[in-house]
Student: 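Sharing a structure, written as structure tokens. Questions coming.
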Amino acid sequence: MHRSDHIFSFDVYDSINELAPEDASLLIEAQKATRFAYAPYSRFRVAAVAKLSNNKIVTGTNQENVSFPAGICAERVLLSSVSSLFSDGIIETLAISYDNEQGESDHPISPCGICRQSLQEYEQRMKHPIRLILGGMKGRIFIISNSSSLLPLAFTSTELK
Ligand code: THU
């Protein structure tokens, strides 16, 4: 027997002012895009904004439904859009922000389990890491260099081959 360790490291910034200008702009785009969320049930508005390798910017927001399981998270709306719009939609960086009714959101959220699974497969498919910038409307920001690191021991498409 031996123990296997998974080391997970990410960068923590105290405020948006510490980010590189390009990263700060992408996070601001995500903050602004929360207004496009359709979240009348949770009132928790999430936006994911991607910068692609072709320099295009694509936005996804959560889209809820009165039949609650029919709702879809911002991250998966985003991945579906990129995949539908571009044959080689390589995502370099993905900024995720949110807002709710508790006042300005002041800490990062990270993708839910299903979205982690979708992000992992998208990275694998494009053979390119998706760098994540996670932040609320203010406060600390996390930067994670690849999405798959959020899902250790993932079930991947290689298992089906
Ligand atoms: N949500 C996202 O869009 N992304 C996440 O990473 C977490 C949760 C959405 C789903 C639902 O519409 C609302 O936030 C509350 O869970």
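Just follow the structure's listing: the first ligand is 1, and inside any ligand the first atom is 1.
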Student: I'd like to know whether CZ of R140 has more than 12 heavy-atom contacts from other residues, nucleotides or ligands below 6.0 angstrom.
Tutor: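 Open: at most 12 neighbouring heavy atoms sit under 6.0 Å from CZ of R140.
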Student: Determine the minimum heavy-atom distance between S105 and D99, stating which atoms define it.
Tutor: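 S105 and D99 have their closest heavy atoms at N-OD1, 3.6 Å.
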Student: Considering residues at least two apart in sequence or located in another chain, which fulfil the side chain to side chain contact (heavy atoms under 4.5 Å, CB included) criterion with H107?
Tutor: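 Side chain to side chain contact (heavy atoms under 4.5 Å, CB included) list for H107, sorted by chain: Y98.
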Student: Does any N or O in the side chain of E18 come within less than 3.5 Å of the main-chain N or O of V12, such that one atom is a donor and the other an acceptor?
Tutor: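 Such a contact is absent between E18 side chain and V12 backbone.
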Student: With side chain to side chain donor-acceptor pair (under 3.5 Å) as the rule and sequence neighbours excluded, what pairs involving residues 30-43 come up?
Tutor: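 Listed by first then second residue: S42-E64.
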Student: For ligand 1, list all ligand N or O to protein N or O distances below 3.5 Å, rounded to 0.1 Å.
Tutor:
from     : atom 1 : to   : atom 2 : distance (Å)
ligand 1 : 3 (O)  : A74  : N      : 2.9
ligand 1 : 4 (N)  : E75  : OE1    : 2.8
ligand 1 : 6 (O)  : E75  : OE1    : 3.4
ligand 1 : 6 (O)  : E75  : OE2    : 2.7
ligand 1 : 6 (O)  : C112 : N      : 3.4
ligand 1 : 12 (O) : N62  : ND2    : 2.9
ligand 1 : 12 (O) : E64  : OE2    : 2.5

Student: Remaining members of I16's ILVMFWY cluster at a side-chain heavy-atom cut-off under 4.5 Å?
Tutor: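 Cluster partners of I16: Y13, L19, L27, I28, I133, I141, I143.
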